[in-house]
Amino acid sequence: MPTPTRRHVLGTGVALALPPTVMALLTGCDQSSTDPSEQAGTGDASNTDTPDSNQPAGTASVNIHYLEIVSPEADALCDQYAAVHGLAFGEPDPSLGNARTAKLDGGGMIGIRGPMRDTETPVIRPYLLVEDIEASVKTAAEAGAKVALPPMPIPGHGTCAIVIQGGIECGLWQV
């Protein structure tokens with residue numbers, strides 16, 4: 001059986017590449033449940049003094065709040081993701097660039113949309129959930145990232161931003 005190479009993995013469209021400086025983006029990341037009712041009290045998931053038994057010491061939990069896929073074949077990708085993963089996509093959401101979205105386990109969401117301008121190229125862009133988007137964007141910029149989209153409120157969804165490090169686009173999202 002041949003050993004899969006990076007080219008095979010990337011060719012399937014299932015890999016997400018995050019730059020080594022992603023830890024700089026984690027400033028203010030929510031490392032617990034996004035459900036406020038689960039964050040109250042003592043000894044709950046928001047207690048960061050006790051390491052997660054599923055993670056090695058010194059690691060952080062990263063919550064992808066929104067996974068955005070931009071492709072000129074958006075409808076075909078929605079059909080593929082629905083068939084392969086059992087996702088149910090809604091109608092285009094104008095506040096998300098006419099992305100068709102589906103809910104993911106854990107409270108996240110995936111959105112697939114076509115390019116919004118002639119120069120927009122296909123991309124898979126994870127938006128990492130953060131508690132303080134202003135501080136996270138500032139920290140990313142200080143670590144050398146280019147701020148492609150400063151914090152921008154999206155009514156009904158929260159605030160998002162996009163930073164680019166080493167050619168990799170990474171979104172930040174605060175709810």
Side-chain angles (χ1 to χ4, degrees), residues 3-31 34 52 54-56 58-74 76-78 80-81 84-85 87 89 93 95-154 157-175:
T3 303
T5 65
R6 185 171 186 265
R7 173 177 275 156
H8 292 110
V9 173
L10 293 175
T12 65
V14 297
L16 292 176
L18 296 177
T21 58
V22 74
M23 293 311 291
L25 301 175
L26 300 179
T27 300
C29 268
D30 181 4
Q31 295 183 19
T34 57
D52 182 344
N54 295 326
Q55 292 184 340
T59 63
S61 173
V62 176
N63 294 314
I64 296 179
H65 180 70
Y66 184 62
L67 182 61
E68 180 178 43
I69 300 174
V70 178
S71 170
E73 298 182 19
L77 278 175
C78 286
Q80 173 192 322
Y81 278 66
V84 173
H85 302 290
L87 296 172
F89 287 91
D93 184 338
S95 65
L96 296 173
N98 285 319
R100 293 179 55 202
T101 63
K103 300 263 185 214
L104 300 173
D105 290 341
M109 187 168 47
I110 184 171
I112 300 177
R113 66 173 176 80
M116 293 175 24
R117 61 186 187 289
D118 290 340
T119 58
E120 187 172 26
T121 58
V123 66
I124 298 175
R125 182 184 301 124
Y127 285 81
L128 306 176
L129 188 61
V130 296
E131 288 181 12
D132 184 340
I133 199 163
E134 296 287 341
S136 296
V137 168
K138 180 181 178 196
T139 301
E142 289 170 352
K146 174 186 172 194
V147 178
L149 177 70
M152 177 183 80
I154 300 177
H157 295 287
T159 302
C160 72
I162 299 172
V163 296
I164 302 172
Q165 180 74 41
I168 303 298
E169 295 184 21
C170 186
L172 303 171
W173 204 289
Q174 179 181 335
V175 290

Asker: With sequence neighbours left out, write down each residue that passes salt bridge (Lys or Arg N to Asp or Glu O under 4.0 Å) with Arg113, or none if nothing qualifies.
Answerer: Glu68, Glu120
Asker: Kindly give the heavy-atom pair with the smallest separation between Pro122 and Pro72, and that separation in Å.
Answerer: CG-CD, 3.9 Å
Asker: Are the side chain of Asp132 and the backbone N or O of Glu134 linked by a donor-acceptor pair below 3.5 Å?
Answerer: yes
Asker: Identify the two heavy atoms, one from Ser71 and one from Pro115, that lie closest to each other, and give their separation to 0.1 Å.
Answerer: O-CD, 3.6 Å
Asker: Does some side-chain heavy atom of Asp93 sit less than 4.5 Å from a side-chain heavy atom of His157?
Answerer: yes
Asker: For the CH2 atom of Trp173 and the CG atom of Leu128, what is their distance to the nearest 0.5 Å?
Answerer: 12.0 Å
Asker: Taking all non-hydrogen atoms of both residues into account, name the closest pair between Ala145 and Gln165 and its distance.
Answerer: N-OE1, 2.9 Å
Asker: So which atom in Ile154 and which in Cys160 form the shortest heavy-atom distance, rounded to 0.1 Å?
Answerer: CD1-SG, 3.6 Å
Asker: Between Tyr127 and Tyr66, how do the two ring planes meet: parallel, tilted or perpendicular, split at 30° and 60°?
Answerer: tilted
Asker: Yes or no on side-chain contact (heavy atoms from CB on, under 4.5 Å) for Ile110 and His85, after CA distance, side-chain angles and deciding distance?
Answerer: CA-CA 12 Å; Ile110 184 171; His85 302 290; over 6 Å; no
Asker: Measuring from Ile64:CD1 to Leu104:CG, what's the distance to the nearest 0.5 Å?
Answerer: 9.5 Å
Asker: Grab the two heavy atoms, one from Leu87 and one from Ala102, that are nearest each other, plus how far apart they are.
Answerer: CB-CB, 4.0 Å
Asker: Any side-chain heavy-atom pair from Thr159 and Pro153 closer than 4.5 angstrom?
Answerer: yes
Asker: Output the distance between atom CD1 (Ile69) and atom CZ (Arg125), rounded to the nearest 0.5 Å.
Answerer: 11.0 Å
Asker: Just how far is it from atom CG of Leu149 to atom CD1 of Ile162, taken to the nearest 0.5 Å?
Answerer: 5.0 Å
Asker: I need the minimum non-hydrogen distance between Thr101 and Gly111, along with the two atoms involved.
Answerer: CG2-CA, 4.0 Å
Asker: Starting at CE of Met152, measure out to CD1 of Ile133 and round the result to the nearest 0.5 Å.
Answerer: 9.5 Å
Asker: With rounding to the nearest 0.5 Å, note down the distance linking CD1 in Ile112 to CD in Glu73.
Answerer: 11.5 Å
